Amino acid sequence: KKLLKKPDVKNCKFSEFRNWVMVNYLLGTGQRRNTVTNIKIKDLDLENALVRLNVTKNKKATILPITKSLVDILEEYLDFRGGSPDDYLFCNESGKKLSNESCTNSIRKYNLRRGVEKTSIHVFRHTFAYMSIKNNIDIVRLQQLLCHSNIKTTQGYLRSFGFEDLRENYEMFNPLENFMNKNTVAKNFKERQK
């Protein structure tokens, strides 16, 4: 929440606003740093809420959805940033491509200034995966969103789940509990038996 608090656009530096947008982008997509630093403005299709990724670890260009909230943030950022379609989306203050190292340093400083000690960009990827799983995404969809070639890689993100995560809403997902009490199909079946 500290990282997502929007800076005062009228009184902040370009880099502060860009970093806020990058944090939202990273959390909203789970994409890798190298992928994010290689996105060009023309790779965005904000009207259809899509982004084309041309640089991925598995070397397969792909098109992925983005959320309405992220579309709104990117539209405001592009108004603020300016630029042509062939420019990189996330640039330095002179409009040049933001290097991977500069991206890492910018996010590290941004996080520390806001009192967040974890500064790794990859933490956003893990947070995206963890929260997506907690919000009931299926693992196949998560695999596609994370651009993993192998589902075993995606399954590695499940290691961060602990006992309390397993317990949360357990009765809602438990087949027996659903059959006995909550499941509409089960209730309809019981009604037909009468």
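Scope of the values below: all heavy atoms of this structure, side chains included, with no hydrogens, waters or symmetry mates. This is a predicted model, so every value here is computed, not measured. Starting from 1, each residue takes its place in the sequence as its number.
For Phe17, the ring-ring contact (aromatic ring centres under 6.0 Å, His included) partners two or more places apart in sequence, or in a different chain, are Trp20, Phe80.
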Check against salt bridge (charged side-chain N to carboxylate O under 4.0 Å, His left out), Glu16 and Lys109 = CA-CA 10 Å; Glu16 176 81 6; Lys109 289 176 187 174; over 6 Å; no
task = Carefully, step by step, assess Ser94 and Asn92 under the rule side chain to side chain donor-acceptor pair (under 3.5 Å).
result = CA-CA 5 Å; Ser94 60; Asn92 61 24; 2.8 Å; yes
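Side-chain contact, Thr37 with Asn100: a donor N or O sits under 3.5 Å from an acceptor N or O.
Linking ILVMFWY residues whenever their side-chain heavy atoms come closer than 4.5 Å, directly or via other members, leaves Val123 and Phe90 in distinct clusters. Criterion: ILVMFWY side-chain heavy atoms under 4.5 Å apart, direct or through other members. Under it, Leu145 and Val55 are not part of a common hydrophobic cluster. A single hydrophobic cluster is not seen to contain both Tyr88 and Leu98; linkage of ILVMFWY side chains at heavy-atom distances under 4.5 Å, directly or through other members, places them apart. A chain of hydrophobic side-chain contacts below 4.5 Å, direct or via other Ile, Leu, Val, Met, Phe, Trp or Tyr residues, connects Leu4 to Met22. In this structure, Ile63 is not a member of the same hydrophobic cluster as Tyr25, with clusters built from ILVMFWY side-chain heavy atoms closer than 4.5 Å.
In terms of modelled atom types and a separation under 3.5 Å, the side chain of Arg32 and the main chain of Thr56 share no donor-acceptor contact.
When all heavy atoms of Asn111 and Thr119 are compared, the closest pair comes out as ND2-CA, 3.5 Å. Scanning all heavy atoms of the two residues, the minimum distance from Gln31 to Leu26 falls at O-CD2, 3.7 Å. When all heavy atoms are compared, the tightest approach of Ser84 to Ile41 is O-CD1, 3.4 Å. Looking at every heavy atom in both residues, Cys103 comes nearest to Arg33 through SG-CG, 4.0 Å. Heavy-atom minimum distance, Ile137 versus Leu142: CD1-N, 3.9 Å.
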Donor-acceptor list for residues 44-53 side chains, cut-off 3.5 Å, not counting sequence neighbours:
{"from": "Asp45", "atom 1": "OD1", "to": "Glu47", "atom 2": "N", "distance (Å)": "3.4"}
{"from": "Asp45", "atom 1": "OD1", "to": "Asn48", "atom 2": "N", "distance (Å)": "3.2"}
{"from": "Asp45", "atom 1": "OD1", "to": "Asn48", "atom 2": "ND2", "distance (Å)": "3.3"}
{"from": "Asp45", "atom 1": "OD2", "to": "Asn48", "atom 2": "ND2", "distance (Å)": "2.8"}
{"from": "Arg52", "atom 1": "NE", "to": "Asn54", "atom 2": "OD1", "distance (Å)": "3.0"}

